[in-house]
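The structure appears right after this line, and notes come after that.
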Amino acid sequence: MRLTRYHMPTLREKPAEAEIPSHSLMLRAGMVRKLAAGIYSFLPLGWRVVKKIMEIVREEMDRAGALEVFLPVVQPAELWMESGRWSVFGKELLRFKDRNQRDFCLGPTHEEVIVDLVRGEVRSYKQLPLNLYQIHIKFRDEARPRFGIIRAREFIMKDAYSFDKDWESLDRSYNAMYEAYSRIFKRCGLDFVVVEAESGAIGGDVSHEFMVWAPNGEDTIVYCRSCGYAANLERAASREVETSPSEQPADPEKVHTPDVRTIDEVSAFLKIEPSRLLKSLIYKTEKGYVLFLIPGDRELNEAKAKRAAGVETLEMADPAEVYEIAGASVGFVGPVGLKKRITVIADRSVKSGVNFVSGANEDDYHIVNITPEKDFEVDGYEDIVFAAPGDLCPKCGSPLEFSKGIEVGHIFKLGTKYSEPMKAYFLDEDGKEKPFVMGCYGIGVTRIAAAVIEQRHDDNGIMWPITISPFEVYLLATNMKNEKVKEVSEKLYQGLLDEGIEVLYDDRDERAGVKFKDADLVGIPVRVTVGERRVANDEVEIKLRHSKETLVCSVDEAVDRVKEIVKQLYEELEA
RNA sequence: CGGGGCGUAGCGCAGCCUGGUAGCGCACCAGCUUCGGGAGCUGGGGGUCGCCGGUUCGAAGCCGGCCGCCCCGACCA
């Protein structure tokens, strides 16, 4: 492609709206332009990258035996009511009515549609397993789109759905996707880790996320260097630490703490470590109210809390409800002397502790020296807090480490969460009707492009891995007015094209400096420079964007050398 | 949804406090010179100052409302 006939509007300055490298560089390199918050247009250069990512995804999905389909973006409300998610999904689900006042939504995911498609069509276990996937637009009306393409409202996703006759078969489908995903991200040049994850609103029991290491990532990866344990923050467990109390349980005592409410205030007022305070949180669930007790220096992990309480929904009780249960306002609640008896679940670390401090269930009073079992009852001790730095690995006991990451893929074992309510059944060998055992598997295709840039850039611009680079070679003619430079450049351009190499030929009538800057910015891995001095000796220069390694060779051997280098770059990523 | 900030030419910004009819750099067009790391000179084109209303002889600037965008948080398959 000749740059004079291409559209690659590069920006010299960093756009004000961009906070992180990938966002800034995608705008500067002329890959994308914003249309509205979280909604982007892809320009020719950016679209080439997306297409290459889609092609890798497609190849690996096909290799894994999945079949490509194409499902509607606009989906009828009835389907979502059937699965129960019309009411569960919040404002993220963009809803609207058609001309006949029927409710529709823009698909944020496609479980409902795929189940609807498969039920009725697939009737026998003989037709299983089946794995259908698609690559196209998703729309989620995010509360706060950010970081450019990383967290957009409209984005391209590859989503796949597997249908199996039983859990054992699902395991095989799931593992096949796990393998395919690993290959996909490796081919895209990403440095990633697979973590155990919560399954969230999608549901299901087992789930893994594919996380790309990136300081600007929104997710927190909790991992162990010694044994390889890795989980996202929501899921991460830590080893239970058995402590033998260093002091004897003392007698509880009520103390006057006027207007002292928060953990920090209480800690400062009573001069007691936050870890000795008991944070008492009252939640409303579908099974009634629950009091969660955690150390003052910890945060309640609601996902863990739900599991511990065996409930589906968890919502903080409002001040009026709190008052009714505790007999005191928020800030003075504690496990001792609750007005109403409700379920009490304590973090397991509370079990071996003594002489805690909590609210006294009376405004402006706290109670000190309370000890579980002695002074208050607990219905269960569970791990209900977020892991924190300093915690130990649940598997091997080494210190856990925390790092930021970008989620590029997520796989779930759904089981019958959708097939059951949506009555998607097949007839098994034993002649019985059974719901499909499902899995679902997502990849943020456009997000991959941004994640790759986060990992592979320098001060001058992007450094694409060749597998998803918009072009393989950047042919740079330093001066188009120099006859020899032009002649040799044209010859090389044709030579490279003849070899099937994707080359972006900078034939613009620009100064060399401008071209070098643009070449670095757009980050095509191999640059061939035809300059006046070299070309006078029938030589050209080949430079690698990533390593800055440079070699000079004769014009005659240039095409072969480039071919060799390109081949080698692919091998490094696809081996 | 809570808190903060910003909206002036394609991009980056100044002007606003202290009202007087819009400016700088880059980009764009033309010419000459230049030509391996975002050239120089000369001349040019381009702006309902986010929108609506108010105050005023006069509003980019003051006041009110709305919209959009960005950041922090909450939320997040």
Side-chain angles (χ1 to χ4, degrees), chain A residues 9-20 23-24 27-28 30 33-39 80 83 85 88-93 107-112 114 138-148 150-153 155 157-161 197-204 207 209 216 218-219 232-234 299 302-303 315-316 407-412 414 417-418 439-444 447 459-461 476-482 485-486 506 508-521 527 529-536 540-541 543 548 550 552:
Chain A
T10 56
L11 305 175
R12 183 187 297 210
E13 290 172 85
K14 174 185 165 233
E17 70 201 53
E19 286 291 316
I20 63 170
H23 190 194
S24 174
L27 288 166
R28 291 225 293 136
R33 288 293 182 262
K34 185 177 69 186
L35 179 64
I39 302 180
W80 287 75
S83 71
R85 290 206 291 184
V88 174
F89 241 88
K91 289 168 83 174
E92 221 178 54
L93 185 63
T109 174
H110 283 72
E111 282 81 8
E112 282 78 3
I114 202 83
K138 291 275 181 287
F139 191 96
R140 292 179 191 171
D141 199 357
E142 294 279 352
R144 183 148 96 85
R146 68 186 110 174
F147 297 149
I150 290 188
R151 179 123 138 156
R153 292 194 290 173
F155 56 99
M157 178 168 165
K158 185 288 302 175
D159 48 323
Y161 307 88
E198 278 300 330
S199 37
I202 288 273
S207 171
E209 285 174 347
N216 285 312
E218 294 189 271
D219 295 295
N232 69 12
L233 186 57
E234 261 206 317
E299 294 297 325
E302 294 189 3
E315 194 185 336
M316 280 199 97
E407 177 192 351
V408 289
H410 200 159
I411 58 180
F412 304 79
L414 291 177
K417 181 177 162 101
Y418 295 91
C440 82
Y441 318 91
I443 288 182
R447 186 181 273 186
D459 291 344
N460 295 317
L476 192 158
T478 59
N479 183 355
M480 291 302 285
K481 292 204 176 88
N482 178 302
V485 167
K486 188 174 176 184
D506 194 344
R508 292 175 301 175
D509 188 13
E510 282 287 353
R511 300 170 63 83
V514 173
K515 298 189 176 192
F516 286 125
K517 287 291 185 189
D518 274 345
D520 283 351
L521 178 60
R527 188 184 82 195
T529 307
V530 183
E532 290 179 64
R533 284 195 299 267
R534 297 274 188 219
V535 93
V540 294
E541 183 183 287
K543 186 172 180 182
K548 297 186 171 59
T550 306
V552 173

* Asked: Would you call A:E111 and A:R85 a salt bridge, using N to O less than 4.0 angstrom?
  -> yes
* To do: Quick one: label A:A519 by what it contacts on the DNA or RNA (base, sugar-phosphate, nothing), any heavy atom closer than 4.0 Å.
  => nothing
Protein-nucleotides 71-75 of chain B N/O pairs under 3.5 Å:
residue : atom : partner : partner atom : Å
B:rC72  : OP2  : A:R144  : NH1          : 3.2
B:rC72  : OP2  : A:R144  : NH2          : 2.7
B:rC72  : N4   : A:R144  : NE           : 3.4
B:rC75  : N3   : A:R151  : NH2          : 3.3
B:rC75  : N4   : A:R146  : NH2          : 3.2

* To do: Kindly label the base of B:rG31 as syn or anti, based on whether its glycosidic torsion lies within 90° of 0.
  => anti
* **Crowding at NZ, A:K14 (>12 non-hydrogen neighbours, <6.0 Å)** => yes
* Reckon A:K34 touches a base, only the sugar-phosphate, or nothing at all at heavy-atom distances under 4.0 Å? -> sugar-phosphate
* With P as the reference atom in both, quote the distance from B:rA60 to B:rU48 in angstrom, rounded to an integer. => 13 Å
* Can you check the A:H410 NE2 to B:rC76 C1' distance for me, whole Å? -> 12 Å
* B:rG68 pairs with, by Watson-Crick or G-U criteria that keep both distances under 3.5 Å -> B:rC6
* Select base, sugar-phosphate, or nothing to describe what A:F139 touches, counting heavy atoms under 4.0 Å on all strands. => nothing
* By salt bridge (charged side-chain N to carboxylate O under 4.0 Å, His left out), which residues pair with A:K34, not counting sequence neighbours? -> A:E17
* By side-chain contact (heavy atoms from CB on, under 4.5 Å), which residues pair with A:R28, not counting sequence neighbours? -> A:L11, A:P15, A:S24, A:L25, A:L521
* Separation of the P atoms in B:rG12 and B:rG20, to the nearest angstrom -> 26 Å
* With sequence neighbours excluded, residues passing salt bridge (charged side-chain N to carboxylate O under 4.0 Å, His left out) with A:K158 -> none
* Rounded P spacing from B:rU21 to B:rU33 in Å -> 41 Å
* **Set of salt bridge (charged side-chain N to carboxylate O under 4.0 Å, His left out) partners for A:E218, sequence neighbours left out** => A:R146, A:R151
* Distance between the C1' atoms of B:rA27 and B:rG47, in whole angstroms? -> 16 Å
* Using the P atoms only, state how far B:rG3 lies from B:rU8, rounded to an integer number of Å. => 25 Å
* Asked: Should the pair A:D509-A:K481 be classified as a salt bridge under the 4.0 Å nitrogen-to-oxygen rule?
  -> yes
* **Results of side-chain contact (heavy atoms from CB on, under 4.5 Å) for A:N232 - residues two or more places apart only** => A:V195, A:A197, A:E209, A:M211, A:E234, A:R235
* Check side-chain contact (heavy atoms from CB on, under 4.5 Å) between A:E13 and all other residues, then give those that pass, not counting sequence neighbours. => none
* To do: Taking atom P in both B:rU18 and B:rG61, compute the distance separating them and give it to the nearest angstrom.
  => 14 Å
* **Counterpart residues, salt bridge (charged side-chain N to carboxylate O under 4.0 Å, His left out), relative to A:D219 (two or more places apart)** => none
* To do: Let me know, please, whether A:P15 or A:P108 comes out on the 5' side of the other along RNA chain B by nearest nucleotide.
  => A:P15
* **Distance, P atom - from B:rC16 to B:rC1, rounded to whole angstrom** => 35 Å
* In whole Å, what separates the C1' atom of B:rG15 from that of B:rG23? -> 7 Å
* Spell out protein contact along nucleotides 35-44 of chain B as letters: B when the base is contacted, S when just the sugar-phosphate is, - when no protein heavy atom is under 4.0 Å; keep the 5' to 3' order. => BBBBB-----
